[in-house]
Protein chains: 2
Amino acid sequence: MGTTSKALSLLNFFSRATPQIGLSELARLSGLNKATVYRLLTELAGHGFVEQVGTGREYRLGPAFLRLAALRENQVPMREVALQQLTQLCDATGETAHMSLLNGDVLSNLAYAYSNRHGTMVMMEDAEVLELHSTGSGLAVLAYSPVSFVDETLSAPLTARTSQTLTDPVEIRALLPSIRKSGIAESTGGFEEDVISHAVPIFDARSACIGAMAVAAPVSRMTDHLRQQIRDELMARARHTTRILGGFPPDSFPTYEPQNMLQKEA
Amino acid sequence: MGTTSKALSLLNFFSRATPQIGLSELARLSGLNKATVYRLLTELAGHGFVEQVGTGREYRLGPAFLRLAALRENQVPMREVALQQLTQLCDATGETAHMSLLNGDVLSNLAYAYSNRHGTMVMMEDAEVLELHSTGSGLAVLAYSPVSFVDETLSAPLTARTSQTLTDPVEIRALLPSIRKSGIAESTGGFEEDVISHAVPIFDARSACIGAMAVAAPVSRMTDHLRQQIRDELMARARHTTRILGGFPPDSFPTYEPQNMLQKEA
DNA sequence: TATAGTCGGTTCATTATTCGAACCATTGGT
DNA sequence: ACCAATGGTTCGAATAATGAACCGACTATA
């Protein structure tokens with residue numbers, strides 16, 4: 001691993017749960033030498049990527065990201081694009097729609113949209129991080145990721161978010177072929193109890209999987225009809241989103257035929 | 001300069017004007033070897049800090065900033081705080097108020113607010129970059145920066161944005177003591193013709209200058225009364241902003257006494 | 001008040017990583 | 001067909017990263 005990667009990986013230890021980290025602790029977390037971490041932090045700080053909280057205290061993410069994110073967003077307004085797509089998806093299904101992007105070996109939430117059709121909705125959180133093995137979105141991404149990446153991801157210890165979370169690598173691997181066949185991943189209660197989630201991968205210009213679009217609904221509301229509706233809408237919407245973001249599904253990606261067309265037409 | 005700094009400095013070449021850059025061009029811009037730039041870009045790409053546009057094409061800023069900016073903003077909602085302060089400042093003066101942060105050796109726009117009191121207003125741009133020598137904000141920052149930083153900044157070639165831009169380092173240095181005395185920098189037409197700008201530095205928890213808050217007005221509208229009003233409001237607002245962002249003005253920073261108190265009271 | 005264990009920050013000889021000139025294979029314009 | 005770009009790759013030389021040990025300052029404990 002190069003020096004730059006080490007420096008950048010330090011940034012991944014900052015999260016909503018641990019927004020500021022001390023030098024020694026960060027050295028411990030990253031497994032790097034304290035002096036090394038100090039140098040890296042100093043360089044990061046010089047560019048505004050981290051900053052120190054008080055005097056001689058912990059570090060936190062710096063102000064540079066505001067500008068860079070603004071530039072990125074200006075050039076590739078992914079969040080706006082995603083939000084617009086999610087709103088339509090959400091209107092069509094009546095359930096919470098969200099989209100997340102692959103960031104290292106986790107997914108981070110990009111945007112989400114709620115429906116007001118029902119009294120209860122699955123709630124999402126900004127900048128939330130989703131593990132690949134415990135969510136529908138994660139499974140969708142794994143199914144369209146290189147084998148080496150899957151191996152790496154599944155070789156790490158898999159934590160159980162709920163009693164229904166799959167933590168057996170063999171079991172997870174077994175799901176991937178069928179996901180590839182349908183283009184849709186389904187997960188029940190893997191991330192939150194009583195939530196059933198459908199997810200479809202999103203691809204970039206090189207047909208690499210960069211994230212997933214998903215619909216999350218309470219288990220209690222799921223019917224065959226709703227499931228079919230979600231699958232149809234989600235697949236069409238995700239394809240379109242990939243396209244307007246400048247991406248292309250790989251050749252192997254299934255050309256989905258809506259199953260409830262007849263019902264719609266009838 | 002460390003390897004990490006080199007990698008991070010590559011990111012600074014991306015701007016609104018040049019949102020995507022090829023390998024060779026980036027090597028030229030940065031003065032680094034092409035192989036070096038390639039390695040650094042590869043590492044940056046691995047963390048989502050840059051990405052390639054098509055197949056074998058130019059690079060642009062990556063999606064990682066969305067998440068990191070969200071985390072940063074979640075912990076330190078600087079933009080919201082700034083926006084709120086700017087709105088009040090703008091209401092009080094009737095002119096465009098904006099705030100920018102020091103990022104390396106330039107200022108980047110954080111937020112701005114327009115008034116609807118007049119038909120014409122000075123306009124701002126998101127993620128715009130301001131050079132330190134050509135703007136009121138820049139002069140305010142220079143006046144409260146370490147000598148070494150001033151030397152470094154003024155030793156680089158200074159480009160003239162307008163016919164009124166100061167480009168002589170000696171001339172610029174001569175302004176700094178008076179800015180330090182009043183705490184306010186004033187610049188006429190340095191960045192845009194016919195715009196007069198007042199700026200006050202903003203400080204962090206260690207009393208280091210991290211940016212500036214400013215009011216920009218058309219030259220044609222400037223009167224002694226407006227100038228005084230802007231100075232009073234701006235100084236008070238900037239002090240307050242520094243404070244609620246968790247910062248402290250240095251001991252040397254002047255304790256400003258509003259000059260038009262009597263007029264107000266009368 | 002003495003002590004032990006933190007913390008952030010610093011030093012310096014060793015060593016592993018980065019560097020860069022030269023070199024491909026492609027592409028696009030003349 | 002040619003030339004001058006481009007993105008990407010190689011490998012010995014040179015540089016920059018590394019980490020154990022060490023500060024001084026703090027804090028909690030005894």
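Quick caveat: nothing in here was measured; it's all calculated off a predicted structure. The figures that follow rest on heavy atoms only: side chains count, while hydrogens, waters and symmetry mates do not. Throughout, protein chains are lettered first and strands after them, A, B, ... in sequence-line order, and every chain is numbered starting at 1.
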> Rounded off to whole Å, could you give me the CD-to-C1' distance for the Glu58(A) and dG9(C) pair?
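Distance, rounded to whole Å: 16 Å.
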> Examine dT6(D): is either OP1 or OP2 under 4.0 Å from a nitrogen or oxygen in the side chain of Tyr59(B)? Give yes or no.
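No, because none of the side-chain N or O atoms of Tyr59(B) sits under 4.0 Å from OP1 or OP2 of dT6(D).
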> Under a 4.0 Å threshold between the charged nitrogen and the carboxylate oxygen, would Glu51(A) count as salt-bridged to Arg60(A)?
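Judged by the 4.0 Å cut-off on N to carboxylate O distance, Arg60(A) and Glu51(A) do form a salt bridge.
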> Are Asp126(B) and Arg67(A) close enough for a salt bridge, meaning some N to O gap below 4.0 Å?
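No, Asp126(B) and Arg67(A) are not salt-bridged.
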> Look for any protein N or O under 3.5 Å of an N or O in nucleotides 11-18 of chain D and output each such pair with its distance, or none.
from: dA17(D); atom 1: OP1; to: Thr3(B); atom 2: N; distance (Å): 2.6
from: dA17(D); atom 1: OP1; to: Thr3(B); atom 2: OG1; distance (Å): 2.9
from: dT18(D); atom 1: OP1; to: Lys6(A); atom 2: NZ; distance (Å): 2.6
from: dT18(D); atom 1: OP2; to: Arg39(A); atom 2: NH2; distance (Å): 2.4

> Are any of Gln52(B)'s side-chain N or O atoms less than 4.0 Å away from OP1 or OP2 of dG8(D)?
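Yes, such a contact exists.
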> Return the orientation label for the Phe253(B) and Phe203(B) ring planes: parallel under 30°, perpendicular over 60°, tilted otherwise.
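Perpendicular: the ring planes of Phe253(B) and Phe203(B) meet at over 60°.
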> Does Lys6(A) come within less than 4.0 Å of Glu43(B), counting only side-chain N to carboxylate O?
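No, this pair does not count.
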> Between atom CD in Glu25(B) and atom C1' in dG7(D), what is the gap in whole Å?
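Those two atoms, CD and C1', are 13 Å apart.
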> Take atom CG of Leu41(B) and atom C1' of dT6(D), then tell me their distance rounded to the nearest Å.
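In whole Å, dT6(D) C1' and Leu41(B) CG are 14 Å from each other.
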> So for Lys34(B) and dG20(C), does any side-chain atom that can act as donor or acceptor lie under 3.5 Å from a complementary atom in the base?
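Answer is no: no donor-acceptor pair is held.
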> Counting just side-chain N and O atoms, does Tyr38(A) come under 4.0 Å of either OP1 or OP2 of dT10(C)?
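Tyr38(A) to dT10(C) OP1/OP2: side-chain N or O found under 4.0 Å.
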> 5'-most contact on DNA chain C: Ala35(A) or Gly31(B), nearest heavy atom basis?
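Mapping each residue to its closest nucleotide by heavy atoms, the 5'-most match is Ala35(A).
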> May I have all residue pairs that pass ring-ring contact (aromatic ring centres under 6.0 Å, His included) and include part of residues 6-40 of chain A, sequence neighbours excluded?
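Pairs touching residues 6-40 of chain A that pass the test: none.
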> Just how far, in rounded Å, is C1' of dT10(C) from CG of Leu23(A)?
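Result: 11 Å.
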> Which nucleotide, dC7(C), dG8(D), dT6(D), lies nearest any side-chain atom of Arg28(A)?
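Taking heavy atoms from C-beta onward, the closest nucleotide is dC7(C).
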> Under a 4.0 Å N-O cut-off, is there an ion pair linking Arg173(B) with Asp151(B)?
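The answer is yes: the pair qualifies as a salt bridge.
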